[in-house]
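Worksheet: the structure to be examined is printed underneath.
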Amino acid sequence: MNGISRALMSTSVKNAIDRVDFAMPLIDVLVLEGASAASVAITFELIGAANGIRARAGRPPCFDVKVSGSGAKWATRLARLPSKGNANRPADVVIVPGLAWMDERLVREGLQRRDAAMVRKALQAAFQSGAEIAASCSAVFLVASTGLLDDRRATTTWWLAPLFRELYPKVTLDTDAMVLTDHRMTTAGAAMAQLDLMLSIIARHAGPDLADSCARFLLLDLRQSQSRYMALSFLTAADDRVSRAERWARARLHRTFTISELAKAAGLGARTFARRCQRATGLSPVRFLQKLRVDKAMELLQTTRLGLDDIAEKVGYADPSTLRRLLHREKTPGARALRAVRKRDNGAAPSTHGARRNARRGASGQR
């Protein structure tokens, strides 16, 4: 092993990889014309990283790859693959990288495309032959349109969740998740969640040690949830009553109020508000309100020198431990990390000892 290889993997990881003699799965990267370039590139980058790490360990590659779909020629050039592959056997994994369908109109139009109909047939045939199907972002809509996700759990890009629930009510959608696997169906969130999707496939088919090596090689920070990236104002815009409730709540986050009061502010009964809130945001009214409070707390952590106890009071929590638990559940970065970013961006450190003391106190509560 050369110096680069030694830097990429520990002896234990190398030994773990060497002990396994993998049968080489065939990955079919099914690319539609107009697919997300980033999502396609990530797919090939992770496959290449996995095969490259194996090669440097003196082992054969762990994945064979072919490209299909209306965007195959473009994707083949992007990945610098041979124009004619020799993998004619059925695929073990079919991956549909994210599509550039960023809003409702593009999704509805995209699903009607002729090449989308061809993809549906290909995915159904692949699944029937025993293949695993994987997709991220708006490509999950295309997979769902085959019926293969019915009665299964799935995730997709968070801002398209209301449309997804409307079109595919038989699918149990969980937009908190970054990656979900249900039987032989794997789905991931927004476009960059293709990283997480690929690592999950590498772990499943070539071992978790190799997936960990790929993540470290590419300096990837593994993320468990996309919930902290959601912008509630974007989601509530789909329902004027829920949007009204959001505005009312944001103006009163320093207070304690009930869900019934929140529903009344929206001009709805509690049950009706709960249904409309769930449909618009994918969250129950309780989680919706908690998300608003956490978002405000994160803003105050980044923009003020207040300690976490003071911030908890300003977002309506008399007991700071409640806020700490919510921040931990949402997997938010700690106060110290947030303030380090602010210091870097502003080019100056907090000037008082009290500010540093409060920052330390806030950070210690989130570990």
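What you see is a predicted model; the values in this text were computed from it and never measured.
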Mind checking whether Leu173 and Ile133 sit in one hydrophobic cluster, side chains of I, L, V, M, F, W, Y counted as touching below 4.5 Å? yes
Do Leu99 and Phe164 belong together in a cluster built from hydrophobic side chains that touch within less than 4.5 Å? yes
Has the side chain of Arg152 got a donor or acceptor atom that lies under 3.5 Å from a matching backbone atom of Thr172? no
Judged by atom type as modelled, is there a donor-acceptor pair below 3.5 Å linking the side chain of Thr281 to the main-chain atoms of Gln278? no
Test item: Ser213 side-chain N/O and Asp209 main-chain N/O as donor-acceptor pair under 3.5 Å: yes
Counting only N and O atoms by type, is there a donor-acceptor contact under 3.5 Å from the side chain of Glu132 to the main-chain atoms of Met185? no
Given 3.5 Å as the limit, does a donor-acceptor pair link the side chain of Tyr168 with the main chain of Asp150, or not? no
May I ask you to say whether Asp239 pairs ionically with Arg241, meaning some side-chain N is under 4.0 Å from a carboxylate O? no
Using a 3.5 Å distance criterion without hydrogens, assess whether the side chain of Thr272 forms a donor-acceptor pair with backbone atoms of Gly269. no
Salt bridge flag under 4.0 Å for residues Arg153 and Asp174: yes
Could you pull out all residues at least two apart from Arg120 that satisfy side chain to side chain donor-acceptor pair (under 3.5 Å)? Ser145
List the atom pairs, donor and acceptor, that lie under 3.5 Å between side-chain atoms in residues 43-52 and the rest of the protein, sequence neighbours left out.
unit_1 : atom_1 : unit_2 : atom_2 : d
Thr43  : OG1    : Ser39  : O      : 2.9
Thr43  : OG1    : Gln194 : NE2    : 2.8
Asn51  : OD1    : Cys62  : N      : 2.9
Asn51  : OD1    : Phe63  : N      : 3.0
Asn51  : ND2    : Phe63  : O      : 3.1

Using the side chain to side chain contact (heavy atoms under 4.5 Å, CB included) rule, take Leu327 and Met298 through it: C-alpha gap first, then chi angles, then the decisive distance, then the call. CA-CA 9 Å; Leu327 290 170; Met298 293 289 289; 3.9 Å; yes
Do we get Arg293 above Tyr317's six-membered ring, with its NZ or CZ under 6.0 Å from the centre and within 45° of the axis? yes
From the list Val140, Leu123, Asp28, side-chain contact (heavy atoms from CB on, under 4.5 Å) with Val96 holds only for Leu123
Check salt bridge (Lys or Arg N to Asp or Glu O under 4.0 Å) between Arg108 and all other residues, then give those that pass, not counting sequence neighbours. Glu104, Glu166
Are Lys264 and Glu261 ion-paired here, with the side-chain N under 4.0 Å from a carboxylate O? no
First locate atom CG of Asp182, then atom CG of Leu148, and finally report the distance between them rounded to the nearest 0.5 Å. 11.5 Å
How long is the gap from CG on Leu283 to CG on Leu289, to the nearest 0.5 Å? 11.0 Å
Answer yes or no: are there more than 12 heavy-atom neighbours, outside Glu313 itself, under 6.0 Å from its atom CD? no
Could you state the interatomic distance from OG1 (Thr322) to CZ (Arg324), rounded to the nearest 0.5 Å? 10.0 Å
Say whether Leu111 and Leu106 are linked into one hydrophobic cluster, either directly or through other cluster members, by side-chain heavy-atom distances under 4.5 angstrom. yes
Strictly distance-based, threshold 3.5 Å: is any side-chain N or O of Arg80 a donor or acceptor partner for the main-chain N or O of Thr76? no
I'd like to know if the side chain of Arg54 reaches the main chain of Arg59, judged simply by a donor and an acceptor atom lying under 3.5 Å from each other, with no hydrogens or angles considered. no
On a heavy-atom basis, the closest approach of Ser138 and Thr157 is N-CG2, 4.5 Å
Would you check if the side chain of Asp92 reaches a backbone N or O of Leu26 as a donor-acceptor pair within less than 3.5 Å? yes
Between Leu308 and Pro320, is any pair of side-chain heavy atoms under 4.5 Å apart? no
Taking salt bridge (Lys or Arg N to Asp or Glu O under 4.0 Å) as the test, write out the residues that go with Glu109, two or more places apart. Arg105
Please round to the nearest 0.5 Å and tell me the distance separating atom CD of Glu246 and atom SG of Cys277. 10.0 Å
Apply salt bridge (charged side-chain N to carboxylate O under 4.0 Å, His left out) to residues Arg244 and Asp240 and explain how you reach the verdict. CA-CA 6 Å; Arg244 184 192 305 177; Asp240 62 333; 5.1 Å; no
Judged by atom type as modelled, is there a donor-acceptor pair below 3.5 Å linking the side chain of Arg255 to the main-chain atoms of Gly316? no
Do Leu301 and Leu326 belong to the same hydrophobic cluster, where Ile, Leu, Val, Met, Phe, Trp and Tyr are linked whenever their side-chain heavy atoms lie under 4.5 Å apart, directly or via other members? yes
Residues two or more places apart in sequence or in another chain: which of them pass salt bridge (Lys or Arg N to Asp or Glu O under 4.0 Å) with Glu33? none
Between Thr187 and Thr155, is the side-chain hydrogen bond (donor to acceptor under 3.5 Å, both in side chains) condition met? List the steps. CA-CA 6 Å; Thr187 54; Thr155 186; 5.7 Å; no
To the nearest 0.5 angstrom, please state how far the OG1 atom of Thr186 sits from the CD1 atom of Ile95. 9.5 Å
Could you tell me whether Asp310 and Arg305 make a salt bridge, using a distance below 4.0 angstrom between a side-chain N and a carboxylate O? no
Non-neighbouring partners of Arg279 that pass side chain to side chain donor-acceptor pair (under 3.5 Å), sequence neighbours left out: none
Taking a hydrophobic cluster as the set of Ile, Leu, Val, Met, Phe, Trp and Tyr residues connected by side-chain heavy atoms closer than 4.5 Å, whether directly or through intermediates, do Phe127 and Val171 fall within one such cluster? yes
